[in-house]
Amino acid sequence: MDKIQMNTPLVEMDGDEMTRILWKMIKEELLFPFIDLKTEYYDLGLEKRNETNDQITVDAANANKKYGVAVKCATITPNAARVTEYNLKEMWKSPNGTIRAILDGTVFRAPITVKGIEPNVKSWKRPITIARHAYGDVYKNTEMRIPGPGKAELVYTAEDGTETRALIHEYKGAGVLQGMHNLDASIESFARSCFAYALDTKQDLWFSTKDTISKKYDHTFKDIFQEIFDGEYRDKFEKAGITYFYTLIDDAVARVMKSEGGFIWACKNYDGDVMSDMISSAFGSLAMMTSVLVSPDGNYEYEAAHGTVQRHYYKYLKGEETSTNSVATIFAWSGALRKRGEMDGLADLQHFADLLEQATIRTIESGRMTKDLALITSLPNPEVLNSREFILAIRRELESLLNA
Ligand code: NAP
Ligand code: MG
């Protein structure tokens, strides 16, 4: 069989620990045999980041901007323990944070659904994707403990010195106080990323805030979404047969619980933080969550939502058997290959991405899975495979799909 050809390289960002081991196996068993894989390789493993003073992360993000599509392995975000473990020059920043800052994107997280791993919410038949705004609000707040009686005000001083004041509260006793902000530019790019992703995946878009209570702050989010939708996306949505709708966050929660799924739910920063954990655990497993960073100018970075699975890596280093789930990492590759295929007009590359996902799902649905899934599956007598056996089982399914 001739290998599938590529025109433009994918930006490949390698990572750390157990996911780095899976990364290599996925390439060797599921990609190299079938694709003439073209990538521009960046090693974001912690050793290389340390050696290059983290320049490699910046270079990788710039390459993502140049070529449009990247696939990223999970990476260690250093803490004090990692500084000692890897003898680091500095406690380097989170690579995901660095990449997000350069691409200015929104993160979309969606569960991979398979028969035998049932969502806890009975009505959910299709995945629910969370789009989380990743700037401002309570994550960049200023807080005060108020010791006793006194007056708290909001004060905005314009560049020309004019002040605008608003009373927050006349304290009669002790209490707390918090100030937070957001920016039109950031909300606009959040909105555009959401509309573009909805069109790209042909799913309805929901957006929710608490604008009835927060008449200026949350209302601004609502207004910006509506203006951008009316001005730039209404026609495109109609053509694609999808809808945009805005509702209050509490109404959204009630509707989500009764829905069948199959839509994107855009959330403000804090709501997205909370709701994405609810959605991923209700759908089954972190190892079955994909994540894609979409920038407003149309660059994509695909990855798994989970980390480097450190505990499994230490077992692997001791020569013990591991049963680490590679599904989200495989789907990061298939997502990136499909997008590359779409951008370059390569139908067979897109088709390969579809088959790779089908092969992965079929393997699990046939009862062969890693330990994390075996613990939660409703299938009778699942066969628990180790990390490599699971990937090899997918390879056999893939070969039979490709030969069909
Ligand atoms: P983690 O790697 O997500 O793993 C936490 C636990 O979840 C694992 O110990 C394992 O449970 C289970 N798990 C997660 N993914 C799994 C998989 N694919 N297959 C089977 N089980 C899986 O989180 P962590 O251990 O807290 O973090 C490890 C490192 O990852 C940290 O250095 C952190 O900075 C980094 N991290 C990176 C990213 C990223 O690059 N996007 C995201 C999050 C964390 P059991 O041990 O019970 O089997
Ligand atoms: Mg959280």
Side-chain angles (χ1 to χ4, degrees), residues 12-23 25-26 42-50 54 56-57 60-61 64 70-86 88 91-100 103 105 107-109 111-112 114 117 132 134 273 276-277 280-281 283-293 301-318 320-333 335-336 360 363-364 369-377 382 384-391 394:
E12 175 185 352
M13 307 179 185
D14 207 344
D16 290 298
E17 299 194 313
M18 199 60 211
T19 40
R20 189 180 179 99
I21 308 298
L22 299 178
W23 194 260
M25 287 184 200
I26 291 168
Y42 292 85
D43 184 359
L44 301 197
L46 189 48
E47 276 157 19
K48 194 73 181 180
R49 279 183 273 150
N50 192 51
D54 211 21
I56 189 91
T57 309
N64 197 163
V71 56
K72 180 179 169 292
C73 180
T75 46
I76 293 168
T77 299
N79 54 16
R82 300 297 200 168
V83 173
T84 321
E85 183 183 355
Y86 285 83
L88 300 181
M91 201 186 291
W92 305 110
K93 283 194 232 157
S94 146
N96 289 41
T98 303
I99 295 165
R100 215 171 293 155
L103 291 185
V107 175
F108 296 85
R109 295 213 153 160
I112 300 153
V114 294
I117 311 291
R132 175 184 169 189
D273 186 355
S276 66
D277 280 1
S280 67
S281 40
F283 268 103
S285 164
L286 196 60
M288 299 289 281
M289 264 321 249
T290 60
S291 184
V292 55
L293 174 70
E301 181 246 305
Y302 292 83
E303 63 180 315
H306 61 77
T308 60
V309 213
Q310 182 180 15
R311 203 182 63 81
H312 295 211
Y313 181 58
Y314 289 153
K315 282 178 69 180
Y316 169 88
L317 287 182
K318 282 192 264 170
E320 290 173 29
E321 189 168 86
T322 59
S323 179
T324 313
N325 188 334
S326 46
V327 172
T329 307
I330 294 171
F331 273 62
W333 275 101
T360 306
T363 304
I364 300 169
M369 58 192 81
T370 45
K371 192 174 160 196
D372 57 310
L373 296 183
L375 290 171
I376 58 169
T377 187
V384 179
L385 303 182
N386 69 32
S387 306
R388 176 173 290 281
E389 285 166 351
F390 180 63
I391 288 172
I394 295 170

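No hydrogens, no waters, no symmetry mates; every other heavy atom, side chains included, goes into these values. Counting convention: from 1, in listed order, for ligands and their atoms alike.
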How far apart are the C-alpha atoms of Met288 and Asn325, what are their side-chain angles, what is the distance that settles it, and do they pass the side-chain contact (heavy atoms from CB on, under 4.5 Å) test? CA-CA 8 Å; Met288 299 289 281; Asn325 188 334; 3.8 Å; yes
Tyr314 and side chain to side chain donor-acceptor pair (under 3.5 Å): which partner among Arg311, Lys318, Gln310?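 Among Arg311, Lys318, Gln310, the one that satisfies the side chain to side chain donor-acceptor pair (under 3.5 Å) with Tyr314 is Gln310.
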List the residues meeting side chain to side chain donor-acceptor pair (under 3.5 Å) with Ser326, not counting sequence neighbours, and say none if there are none.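 Listed in chain order: nothing, the list is empty.
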N/O donor-acceptor pair under 3.5 Å between [X] side chain and [Y] backbone:
| X | Y | answer |
| --- | --- | --- |
| Thr377 | Leu373 | no |
| Ser323 | Lys371 | yes |
| Thr19 | Asp16 | yes |

For [atom], what's the nearest protein heavy-atom neighbour? Residue, atom name and distance, please.
| atom | value |
| --- | --- |
| atom 14 (C) of ligand 1 | His306 CB, 4.0 Å |
| atom 17 (C) of ligand 1 | Ala287 CB, 3.6 Å |
| atom 36 (N) of ligand 1 | Gly307 CA, 3.4 Å |
| atom 28 (C) of ligand 1 | Thr308 OG1, 3.4 Å |
| atom 33 (C) of ligand 1 | Thr77 N, 4.1 Å |
| atom 25 (O) of ligand 1 | Gln310 N, 4.3 Å |

Just to verify, what does Phe108 make a ring pair (Phe, Tyr, Trp, His ring centres under 6.0 Å) with, not counting sequence neighbours?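 In terms of ring pair (Phe, Tyr, Trp, His ring centres under 6.0 Å), with neighbours along the sequence ignored, Phe108 is linked to Tyr197.
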Is any side-chain heavy atom of [Y] closer than 4.5 Å to one of [X]?
| X | Y | result |
| --- | --- | --- |
| Thr324 | Thr370 | no |
| Glu389 | Ile394 | no |
| Arg49 | Pro95 | yes |
| Thr322 | Tyr313 | no |

Phe331 side, atom CZ; Thr290 side, atom OG1 - distance, nearest 0.5 Å: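 One finds 8.0 Å between CZ of Phe331 and OG1 of Thr290.
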Does the protein place any heavy atom closer than 4.0 Å to [atom]?
| atom | result |
| --- | --- |
| atom 1 (P) of ligand 1 | yes |
| atom 43 (C) of ligand 1 | yes |
| atom 5 (C) of ligand 1 | no |
| atom 46 (O) of ligand 1 | yes |
| atom 12 (C) of ligand 1 | no |

Would you check the N or O atoms of [X], main chain and side chain alike, for any that come under 3.5 Å of an N or O of ligand 1?
| X | result |
| --- | --- |
| Ser323 | no |
| Glu17 | no |
| Val309 | yes |

Using heavy-atom distances, let me know which of [options] sits nearest [atom].
| atom | options | answer |
| --- | --- | --- |
| atom 31 (C) of ligand 1 | Arg311, Arg82, Lys371 | Arg82 |
| atom 41 (N) of ligand 1 | Lys315, Glu303, Met18 | Glu303 |
| atom 18 (N) of ligand 1 | Leu373, Asn325, Asp16 | Asn325 |
| atom 35 (C) of ligand 1 | Thr329, Val107, Thr75 | Thr75 |

Could you tell me which atoms of ligand 1, counted from 1 in the order shown, lie closer than 4.0 angstrom to a heavy atom of Ala74?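 Per the distance check, 40 (O).
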Stepwise, does the side-chain contact (heavy atoms from CB on, under 4.5 Å) test hold for Val384 with Met369? CA-CA 5 Å; Val384 179; Met369 58 192 81; 5.9 Å; no
Consider ligand 1: state whether an atom of it lies below 4.0 angstrom from any non-hydrogen atom of Lys72.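 Per 4.0 Å heavy-atom rule, Lys72 contacts ligand 1.
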Determine whether the side chain, the backbone, both or neither of Asn96 has a heavy atom under 4.0 Å from any heavy atom of ligand 1.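 The answer is the side chain of Asn96.
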What do we get for His312 next to ligand 1 when only non-hydrogen atoms under 4.0 Å count, side chain, backbone, both or neither?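 Within the 4.0 Å criterion, His312 contacts ligand 1 through side-chain atoms alone.
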